[in-house]
Asks: 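Take this structure first; my questions come after.
Count residues from 1 along the sequence.
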Amino acid sequence: MTDKFKAIKALCPEAKFGVKNDEVVWDDKKIKQPTEKEINDKIAELQADYDALQYQRDRLIEYPSIQECIHAILDDDLTSLQAKRKLVKDKYPKPK
């Protein structure tokens with residue numbers, strides 16, 4: 001889950017602030033503190049971006065290991081390796 005700190009950092013990367021017990025402590029006199037709505041909107045945006053990449057995290061777990069890839073290259077068995085990769089890609093398709 002995306003938190004308030006990450007959202008504020010995305011909105012105001014140069015700002016000096018902290019978040020304690022979900023309360024923002026704004027220590028920056030030059031940069032205006034974002035509103036709660038701006039923060040919550042950014043949290044929703046960052047969470048949506050994270051969720052959209054779930055297929056990548058799922059694929060990573062099931063893709064052939066580096067060792068399997070090396071053996072496939074050395075054993076001239078790239079067809080088998082590509083077949084394994086395709087199964088994973090088909091199981092976890094990229095969203096459109």
Asks: With Asp90, which residues qualify under salt bridge (Lys or Arg N to Asp or Glu O under 4.0 Å), at least two apart?
Replies: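 Partners of Asp90 by the salt bridge (Lys or Arg N to Asp or Glu O under 4.0 Å) criterion, ordered by chain and then number, come out as Lys86.
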
Asks: Looking at side-chain heavy atoms only, is the closest gap between Pro93 and Tyr55 below 4.5 Å?
Replies: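 Pro93 vs Tyr55: side chains apart.
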
Asks: Apply salt bridge (Lys or Arg N to Asp or Glu O under 4.0 Å) to Glu36 and list each qualifying residue two or more places apart in sequence or on a separate chain.
Replies: Lys4

Asks: Within the supplied structure, the quantity of interest is the number of heavy atoms (other residues, nucleotides, ligands) at a distance under 6.0 Å from Glu14 CD; does it exceed 12?
Replies: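 Counting other residues, nucleotides and ligands, CD of Glu14 stays at 12 neighbours or fewer.
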
Asks: Under the side chain to side chain contact (heavy atoms under 4.5 Å, CB included) test, which residues partner Glu68, sequence neighbours left out?
Replies: Pro64, Ser65, Lys84

Asks: Minimum heavy-atom separation for Ile39 and Ala7, please, with both atom names.
Replies: O-CB, 3.8 Å

Asks: Please name the residue in the list Ile43, Asp3, Val24 that meets the side chain to side chain contact (heavy atoms under 4.5 Å, CB included) test with Ile8.
Replies: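 Passing option: Val24.
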
Asks: Using modelled atom types only, decide if a donor and an acceptor are shared between the side chain of Trp26 and the backbone of Pro34 within a distance under 3.5 Å.
Replies: no

Asks: State the SG-CG distance between Cys69 and Asp77, to the nearest 0.5 angstrom.
Replies: 11.5 Å

Asks: For Lys30, which residues count as a side chain to side chain contact (heavy atoms under 4.5 Å, CB included) partner, sequence neighbours excluded?
Replies: Asp28

Asks: Can you sort out the partners of Asp58 under side-chain hydrogen bond (donor to acceptor under 3.5 Å, both in side chains), two or more places apart, ordered by chain and number?
Replies: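 Asp58 satisfies side-chain hydrogen bond (donor to acceptor under 3.5 Å, both in side chains) with Gln54 once adjacent residues are dropped.
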
Asks: Return yes if some donor-acceptor pair links the side-chain N/O of Glu62 with the main-chain N/O of Arg59 below 3.5 Å, else return no.
Replies: no

Asks: Taking only residues two or more places apart in sequence or in another chain, which ones pass side chain to side chain contact (heavy atoms under 4.5 Å, CB included) with Glu23?
Replies: none

Asks: The criterion is ring pair (Phe, Tyr, Trp, His ring centres under 6.0 Å); which residues satisfy it with Phe5, sequence neighbours excluded?
Replies: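 With sequence neighbours excluded, Phe5 shows a ring pair (Phe, Tyr, Trp, His ring centres under 6.0 Å) to Phe17, given in chain and number order.
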
Asks: Please enumerate all residues that pass side-chain hydrogen bond (donor to acceptor under 3.5 Å, both in side chains) together with Asp75, with sequence neighbours excluded.
Replies: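 Counting only residues at least two positions away or on another chain, Asp75 forms no side-chain hydrogen bond (donor to acceptor under 3.5 Å, both in side chains).
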
Asks: Can you tell me how far the CG atom of Leu46 sits from the NZ atom of Lys42, to the nearest 0.5 Å?
Replies: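 Going from the CG atom of Leu46 to the NZ atom of Lys42 covers 5.5 Å.
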
Asks: Any ring pair (Phe, Tyr, Trp, His ring centres under 6.0 Å) involving residues 72-96? Give me the pairs, sequence neighbours left out, ordered by first then second residue.
Replies: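 As it turns out, there is no ring pair (Phe, Tyr, Trp, His ring centres under 6.0 Å) pair with a partner in residues 72-96 once direct neighbours are skipped.
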
Asks: For the hydrophobic clusters of this structure (ILVMFWY residues joined by side-chain heavy atoms under 4.5 Å, transitively), does one cluster hold both Ile66 and Leu74?
Replies: yes

Asks: Measure the CD1-CG distance between Ile73 and Leu81 for me, rounded to the nearest 0.5 Å.
Replies: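 Rounded to the nearest 0.5 Å, the CD1-CG separation comes to 7.5 Å.
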
Asks: Looking at side-chain heavy atoms only, is the closest gap between Tyr50 and Glu45 below 4.5 Å?
Replies: no

Asks: Please identify each residue that fulfils side-chain hydrogen bond (donor to acceptor under 3.5 Å, both in side chains) with Lys37, with sequence neighbours left out.
Replies: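 Asp41.
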
Asks: Who are the side-chain hydrogen bond (donor to acceptor under 3.5 Å, both in side chains) partners of Lys16, not counting sequence neighbours?
Replies: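 Checked Lys16 against side-chain hydrogen bond (donor to acceptor under 3.5 Å, both in side chains); zero matches.
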
Asks: With sequence neighbours left out, write down each residue that passes side chain to side chain contact (heavy atoms under 4.5 Å, CB included) with Ala44, or none if nothing qualifies.
Replies: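 If we apply the side chain to side chain contact (heavy atoms under 4.5 Å, CB included) test to Ala44, skipping adjacent residues, there are no hits.
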
